[in-house]
Amino acid sequence: MRIEPSGVVMIGVCEIQTPKCRAKEPSAITAVWTLPGRSQVNVCRECMEEMVRAGEWEMLQSRITPHVDVAVLNQDSKIVLMIEVKKRPYYDEDLLGFAVRVHRNLIVHSGIPSQVFFMLALFPSPFYLWSPESALIPTARPDFMVNCEAEMLHRRKMIAEEPSEAHSITEEVIADWIRDILSHPPDRNSQGMDWLHNSGLLERITNGTVVRELEP
Ligand SMILES: [Zn+2]
């Protein structure tokens, strides 16, 4: 069944009550709409995740669309790739674990549209890519890891300093990188670019448009 999170958090009793339920007594819950009937179900986060993980629920784009740092839209203006840009944490050696947590929090707190590739760019490297199937599963590990440190640092140098906002430079570097991929798609044998083909991402973003700071 397809659901659409309302983004509204309230206090109440969870109607799903899986074994992991956190709201058998009045507690923080959220309302989701089940589609196509649009009936309301009040559910705690743990049960919502359980239902998605079990394949019972499939999440459509949440009504409160998440902020997207960099995205590729297809010709119908639908998001096909969403990129969350973060600086690589220097304090955390378990980058994969960090990436899984960031992805999970994004799903739990704002949702990820369905049928979208999700990339977490820990600038300058590594970048993690979830396929559309795993992008919706809160606990899923990324399907691909992209090592691109030399490329990103080179591109970062080429872009003039804007002293105001370091974060937006990083986003611009990544947006430029994707634009270049779209205008000159690397072939399958290009070194370090096999993930682009093997994931199916290149095919999905072909003829797409790169946008930044997408807001609903
Ligand atoms: Zn529950």
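Counting starts at 1 for both ligands and their atoms, in listed order.
Of all protein N/O/S atoms, those under 2.8 Å from the Zn ion (ligand 1) are Cys14 SG, Cys21 SG, Cys44 SG, Cys47 SG, and waters are not counted.
A ring-ring contact (aromatic ring centres under 6.0 Å, His included) with Phe127 is found for one member of Phe118, Phe117, Trp177 and no other, namely Trp177.
Ion pairing of Arg53 with Glu46 is absent here, as no side-chain N (NZ or NE/NH1/NH2) approaches a carboxylate O to less than 4.0 Å. By the 4.0 Å N-to-carboxylate-O rule, Glu151 lies close enough to Arg155 to be salt-bridged with it.
Val116 and Ala135 make their closest contact through O-CB, 3.7 Å (heavy atoms, listed as atom of the first residue, atom of the second, distance).
In this structure, the side chains of Ile181 and Met193 come closer than 4.5 Å at one or more pairs of heavy atoms.
Judged as a side chain to side chain donor-acceptor pair (under 3.5 Å), and not counting sequence neighbours, Ser77 has no contacts.
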